[in-house]
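Worksheet for the structure shown next.
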Amino acid sequence: MVNKRRKSREVNIGIVRIGGENPIAIQSMTNTKTQDVEATVAQIERLERAGCEIVRCTVPDMEAARALAEIKKRIHIPLVADIHFDYRLAIAAVENGADKIRINPGNIGSDEKVRAVVEAARERNIPIRVGVNSGSLEKHLIEKYGGVTAEGLVESALDNVRRIEDMGYDNLVISIKSSDVMMCVRAHELIADQTEHPLHVGITEAGTVKSGNIKSALGLGLILYQGIGDTIRVSLTGDPVEEIVSAKQILKTLGLRTGGIEVVSCPTCGRTDIDLISLANQVEQLVAGYPLDIKVAVMGCVVNGPGEAAEADLGICGGHGEGLLIKHGEIIRKLPESQLPAALKEELDKYHD
């Protein structure tokens, strides 16, 4: 069982509330050119359908900042503007309807520039996410700790948070990210008791869908298991929709989310006499469209198959070119291999109706 959630303040990001006892929110970031409104909206719509609850867009110039207004009109989830270096872009993003802005105060510049951003956020009461990454840690902290360390990341984040708090604003979210999984875990363990601001958690620059999923599942699993984290992003080099699929699976595996069909399948062995790999992939795609909170088992032989399938709500247990359809532990039918997916769909439709 996951440890008791860390105490954190509640923060409103548009229609989504994070922190406190609220569910951990799933977010992603578009990889379209934000200036291309049509492409960006189309991608956000795909993310929404996949279960994304907060979306972030990069704002590298004024054209992108102005595009946020039209994008915001056409989507249904909160919109976060990602800002670096130019404080004027942050202000423009706020003026064009961003529900939250992400900045690193260290690269925004002088107190005067940071204060201008804070005042814009205060006027509309939108949160500022103070983001610190291992790749942009301040030089004096690298020297102090003898390199990039978890301690340095935490000190940087808290220094930047205090900088904004001293300007009279505390509607904040903190993120401290590293591509080093264990450094990231350690940083979250260190910061958890030092602030009540909600934490956005992720392993930055995790890698491709394959390697990035492994690193993210390990890092986020260790952090979330300790009750730390209020919103998450799985950062992958690929289609952003993959990030949502992975985030949902991580949360469900930890018992932090329910809903959606869980598919369990055996790893195959020499006893398998049906094309279980293809069948399991078919089933995984098939169940994606059903808003059901059930377990479906796809098993390849008679050794563990019937028992495992019996523990699921629905199950397929393979034989020699054929298989059993099992529901709540009872065999419903024996079918040729080719008919198993259709039979499973028929049972899912009954559940759905």
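No experiment lies behind these values; they were computed from the predicted model shown.
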Salt bridge (Lys or Arg N to Asp or Glu O under 4.0 Å) between K144 and E151: does it pass, once the steps are laid out?
CA-CA 10 Å; K144 176 179 178 178; E151 290 79 6; over 6 Å; no
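- Taking the charged nitrogens against the carboxylate oxygens, R186 and E189 do have a contact shorter than 4.0 Å, which makes a salt bridge.
- When atom types are taken as modelled, the side chain of D180 and the backbone of M183 share a donor-acceptor pair closer than 3.5 angstrom.
- Counting only distance, with no hydrogens or angles, the side chain of R5 and the backbone of N22 share a donor-acceptor pair below 3.5 Å.
- I331 CD1: 12 or fewer foreign heavy atoms inside a 6.0 Å radius.
- Ion pairing between E38 and R74 holds under the 4.0 Å rule for side-chain N and carboxylate O.
- A salt bridge does not link E112 with R115: every distance from a Lys NZ or Arg NE/NH1/NH2 to an Asp or Glu carboxylate oxygen is 4.0 Å or more.
- In this structure a side-chain-to-backbone donor-acceptor pair under 3.5 Å is missing from K4 to Q226.
- In this structure, R102 pairs ionically with D82, as a charged nitrogen and a carboxylate oxygen lie closer than 4.0 Å.
- Judged by distance alone, the side chain of T231 and the main-chain N or O of A25 form a donor-acceptor pair under 3.5 Å.
- For the pair R163 and D111, the salt-bridge criterion is met [side-chain N within less than 4.0 Å of a carboxylate O].
- Using a 3.5 Å distance cut-off with no hydrogens or angles, the side chains of T40 and T32 do pair a donor with an acceptor.
- Atom CD of E284 is surrounded by 12 or fewer heavy atoms from other residues, nucleotides or ligands within 6.0 Å.
- Under 3.5 Å, the side chains of E70 and N96 contain no donor-acceptor pair of N or O atoms.
- With respect to the salt-bridge test (charged N to carboxylate O, under 4.0 angstrom), the residues D170 and R9 qualify.
- Contact check for V264 versus V296: no side-chain heavy atoms found under the 4.5 Å cut-off.
- Using a 4.0 Å cut-off between a side-chain N of Lys or Arg and a carboxylate O of Asp or Glu, R162 and E165 do not qualify as a salt bridge.
- Between the side chain of Q35 and the backbone N or O of A64, no donor-acceptor pair lies under 3.5 Å.
- For the residue pair R56/S28, the side-chain donor-acceptor check at 3.5 Å is not satisfied.
- Here the side chain of E243 pairs a donor or acceptor atom with the backbone of L236 at under 3.5 angstrom.
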Does E119 form a salt bridge (Lys or Arg N to Asp or Glu O under 4.0 Å) with R122? I'd like the steps, not just the answer. CA-CA 5 Å; E119 290 305 319; R122 189 204 312 274; 2.8 Å; yes
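- Using a distance-only test at 3.5 Å, with no hydrogens or angles considered, no donor-acceptor pair links the side chain of S179 to the main chain of T204.
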